[in-house]
Amino acid sequence: QVQLVESGGGLVQPGGSLRLSCAASGRIFRIDDMGWYRQAPGKERELVATITRDSITNYADSVKGRFTVSRDNAKKSVYLQMDSLNPEDTAVYYCNADVVLNTLKAYNYWGQGTQVTVSS
């Protein structure tokens, strides 16, 4: 029904930047909240940032001031600009979205994830 596809991950040096993108496709009526989560080896998946349809944002304390989440409703996409990256940011980053289908039923979807590695 719905697919979320992340892109933009990769290897970056400490202090560097990356921009992640996530595009939704399918029989979508409306996308409500969207967000980014991450999971490092041996750790629980944690919230990074969320954004409502009218662009109200929320960030984990660990990324405040360094990451910026945004969205483009026309493109059904959400983005995560990551600046001042440090090794603790290394994780698989997952896109998440609350989607109202054309049937008007709401579901939560996850992307497959994209690897972000911050290392010298």
Side-chain angles (χ1 to χ4, degrees):
Q1 291 276 1
V2 171
Q3 185 177 25
L4 302 180
V5 179
E6 302 102 331
S7 62
L11 175 64
V12 65
Q13 293 183 336
S17 297
L18 284 174
R19 181 177 171 86
L20 305 183
S21 299
C22 172
S25 61
R27 293 187 289 273
I28 298 169
F29 176 75
R30 187 183 71 244
I31 304 177
D32 294 323
D33 292 354
M34 303 185 81
W36 291 94
Y37 295 73
R38 67 187 182 186
Q39 187 167 26
K43 296 184 178 180
E44 299 291 327
R45 185 174 298 187
E46 64 176 355
L47 182 148
V48 177
T50 60
I51 182 167
T52 68
R53 184 169 177 83
D54 57 342
S55 293
I56 304 300
T57 59
N58 175 259
Y59 297 92
D61 289 342
S62 60
V63 307
K64 284 181 180 177
R66 300 188 299 121
F67 290 10
T68 304
V69 64
S70 60
R71 65 189 289 168
D72 186 331
N73 291 336
K75 295 182 178 180
K76 297 189 287 289
S77 296
V78 63
Y79 310 94
L80 186 68
Q81 178 66 44
M82 303 184 294
D83 300 320
S84 301
L85 286 161
N86 59 62
E88 289 69 50
D89 297 315
T90 296
V92 177
Y93 283 70
Y94 297 91
C95 176
N96 180 264
D98 291 328
V99 178
V100 179
L101 304 181
N102 286 334
T103 60
L104 301 186
K105 292 196 67 175
Y107 296 92
N108 184 259
Y109 291 91
W110 291 93
Q112 292 298 119
T114 185
Q115 177 70 50
V116 172
T117 303
V118 185
S119 176
S120 300

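Residues take their numbers from the sequence shown, with the count starting at 1.
- Under the 4.5 Å side-chain heavy-atom criterion for Ile, Leu, Val, Met, Phe, Trp and Tyr, Y79 and L47 are members of distinct hydrophobic clusters.
- When atom types are taken as modelled, the side chain of Y94 and the backbone of Q39 share no donor-acceptor pair closer than 3.5 angstrom.
- Residues S84 and D89 come closest through the heavy atom pair O-OD2, 4.4 Å.
- Between T117 atom OG1 and Q13 atom CD the span is 13.0 Å, to the nearest 0.5 Å.
- With sequence neighbours left out, the side-chain hydrogen bond (donor to acceptor under 3.5 Å, both in side chains) criterion links Q1 to R27.
- Residues satisfying the side-chain contact (heavy atoms from CB on, under 4.5 Å) criterion with Q81, sequence neighbours excluded, are S17, R19, T68, D83.
- Nearest approach of L18 to G10, heavy atoms of both residues: CD1-O, 3.9 Å.
- For the atom pair OG1 of T114 and CG of L80, the computed distance is 11.0 Å after rounding to the nearest 0.5 Å.
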Using the rule given for side chain to side chain contact (heavy atoms under 4.5 Å, CB included), can you reason through K75 versus S21, listing the C-alpha separation, both sets of side-chain angles and the distance that settles it, and then say yes or no?
CA-CA 11 Å; K75 295 182 178 180; S21 299; over 6 Å; no
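- Here the OG-CZ distance, from S55 to R71, works out to 6.5 Å after rounding to the nearest 0.5 Å.
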Evaluate the side chain to side chain contact (heavy atoms under 4.5 Å, CB included) criterion for residues Q115 and T90: first the C-alpha distance (whole Å), next the side-chain angles of each, then the deciding distance (0.1 Å), finally the verdict.
CA-CA 8 Å; Q115 177 70 50; T90 296; 4.0 Å; yes
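- Under the 4.5 Å side-chain heavy-atom criterion for ILVMFWY residues, no single connected hydrophobic cluster contains both V69 and Y37.
- The hydrophobic cluster containing Y109 also contains I31, counting ILVMFWY residues as joined when their side-chain heavy atoms lie under 4.5 angstrom apart, directly or transitively.
- Side-chain contact between N102 and F29: present, with at least one pair of heavy atoms (C-beta onward) separated by less than 4.5 Å.
- Both L20 and Y59 sit in one connected hydrophobic cluster of ILVMFWY residues. Membership requires side-chain heavy atoms under 4.5 Å apart, directly or through other members.
- In terms of modelled atom types and a separation under 3.5 Å, the side chain of E6 and the main chain of G113 share a donor-acceptor contact.
- Sorted by first and then second residue, the disulfide bond (SG atoms under 2.5 Å apart) pairs with a member in residues 10-120 read C22-C95; sequence neighbours excluded.
- When atom types are taken as modelled, the side chain of N73 and the backbone of R53 share a donor-acceptor pair closer than 3.5 angstrom.
- With rounding to the nearest 0.5 angstrom, the CG atom of D33 is 9.0 Å from the CG atom of N96.
- Checked against M34 for a side chain to side chain contact (heavy atoms under 4.5 Å, CB included), the options V78, T50, D98, T52 give a single hit: V78.
- L85 approaches R66 most closely through the heavy-atom pair CA-NH1, 3.9 Å.
- Using a 4.5 Å cut-off on side-chain heavy atoms (C-beta onward), W36 and M82 make no contact.
- Aromatic ring pairs are classed by plane angle as parallel below 30°, tilted from 30° to 60° and perpendicular above 60°; the pair F67 and Y93 is tilted.
- Transitive grouping of hydrophobic side chains (ILVMFWY, heavy atoms separated by less than 4.5 Å) brings V2 and Y107 into a common cluster.
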